[in-house]
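Take a look at the structure below.
Chain letters run A, B, ... following the sequence lines, proteins first and then strands; every chain starts at 1.
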2 protein chains.
Amino acid sequence: MKPMTIGRLSSAAKVKVTTIRYYESIGLMGTPDRSASGQRLYGSVDVERLSFVRHARELGFSMDAIKDLIGLQTEPDQDCSAVDTIAQKQLAEVQKRLAQLEALERELKRMIENCRGGKVGGCQVMAAINDHSECETDKHERLKPL
Amino acid sequence: MKPMTIGRLSSAAKVKVTTIRYYESIGLMGTPDRSASGQRLYGSVDVERLSFVRHARELGFSMDAIKDLIGLQTEPDQDCSAVDTIAQKQLAEVQKRLAQLEALERELKRMIENCRGGKVGGCQVMAAINDHSECETDKHERLKPL
DNA sequence: ATACAGTCTACAGCGACTGTAGGGGCAAGT
DNA sequence: ACTTGCCCCTACAGTCGCTGTAGACTGTAT
Ligand SMILES: [Zn+2]
Ligand SMILES: [Zn+2]
Ligand SMILES: [Zn+2]
Ligand SMILES: [Zn+2]
């Protein structure tokens, strides 16, 4: 149960040192104990918490959603429907993005297939970017990070 | 052929006024003429160029790629293979992101299906986020914006 | 004792915008 | 001529989730 420094936590949880400090700054990791010289000290509970955050990020959850999930984790007697709602929202986001990207894939493929080479002036890829008429226009919503 | 103000260009090309000024600031739109009082003045060629940029953005191309495409557009006698290479790279990006998101979808679905309700302490969604062992780990690369 | 790796704070930068503050301009209606 | 109200201008801060940098200090191994 001896405390570990931020570097050890970093390799245990596979989250970069700078990212851990960033998470602390946005209130995701609480304020750790400090050694006499001011170094942050962590325990195994922090490894778990940080691994949880990492996996949630890998699943595409926003920091806000993760804050909510961590809040719920500390109240294990509450009904889990709040958790499931967050996960379902995330699934819906992922599926929406999938639909958008599938449309992009079709459009890009079509553009590339139509091009028979030659000069830029006659390139079908260029023409297709210039011309919106072949779009699945409703799929051209803003692509946000996910 | 009378010039239009930035607002007219904005509605003609469906790109926000602030975004047009931003594109100018990063060198994507050249430096427009100005009226005596300093207002930007555009012509129909700018509508086309800006629409091209918008469609390329909607297709997920980065600003750097779009700069390259615009550069190529002004040399219509070159071979179009450079264009096609950019488009193929973009398609590859889209397909990579699709694979990642499909893995996320499967993982989220499985988590949600496994949850039988009850308290947070026993929630399978929480458990699955805590436990990486059921992951398609290789699909957990960083999700970058696209 | 010295070298080297790790840690500290504070701040700037990324991409692709969006929003705000505080001003000036322009056409139509009265 | 004057007012109303929208349009335009610049310059800068904020968004998200980090990442990188600078410069100083600490901890450990040889
Ligand atoms: Zn081509
Ligand atoms: Zn399209
Ligand atoms: Zn549940
Ligand atoms: Zn996973």
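- Whole-Å rounding puts the A:Glu24 CD to D:dG17 C1' distance at 16 Å.
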### Query
How does each nucleotide of nucleotides 5-28 of chain C score, in 5' to 3' order, for protein heavy atoms under 4.0 Å: base (B), sugar-phosphate only (S), or none (-)?
--SSB------BBS------SS--

Pairwise N/O distances under 3.5 Å, protein to nucleotides 28-30 of chain D:
none

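- Within a 6.0 Å radius of CZ in A:Arg110, other residues, nucleotides and ligands contribute more than 12 heavy atoms.
- When atom types are taken as modelled, the side chain of A:Arg54 and the backbone of A:Arg49 share no donor-acceptor pair closer than 3.5 angstrom.
- Atom CD of B:Glu141 and atom P of D:dG17 are 19 Å apart (whole Å).
- When the P atom of D:dC9 is taken as reference, atom CG of B:Asp33 falls 13 Å away, rounded to whole Å.
- A straight line from NZ of A:Lys14 to P of D:dC18 spans 17 Å, rounded to a whole angstrom.
- In this structure, A:Glu24 pairs ionically with A:Arg40, as a charged nitrogen and a carboxylate oxygen lie closer than 4.0 Å.
- Here B:Lys109 does not pair with B:Glu113 in a salt bridge; the nearest charged N to carboxylate O distance is not below 4.0 Å.
- A distance-only check finds no donor-acceptor pair linking the side chain of A:Glu93 to the backbone of A:Leu146 [under 3.5 Å].
- Not counting sequence neighbours, the partners of A:His140 by the ring-ring contact (aromatic ring centres under 6.0 Å, His included) test are B:His55.
- Here salt bridge (charged side-chain N to carboxylate O under 4.0 Å, His left out) pairs that include residues 65-84 of chain A, with residues two or more places apart or in two chains, number zero.
- A search for salt bridge (charged side-chain N to carboxylate O under 4.0 Å, His left out) contacts involving B:Lys96 returns B:Glu141, not counting sequence neighbours.
- For the 3.5 Å distance criterion, the side chains of A:Ser62 and A:Asp64 fail to qualify, holding no donor opposite an acceptor.
- The minimum heavy-atom distance linking B:Met126 with A:Val83 is given by the pair CE-CG2, 3.7 Å.
- Considering CG of A:Leu41 and CD1 of A:Ile6, their distance stands at 10.5 Å, rounded to 0.5 Å.
- For DNA chain C, no neighbouring residue in residues 85-94 of chain B is found when judged by any heavy atom under 4.0 Å.
- Residue A:Lys144 contributes atom NZ, which lies 12 Å from atom P of D:dG17 at whole-angstrom precision.
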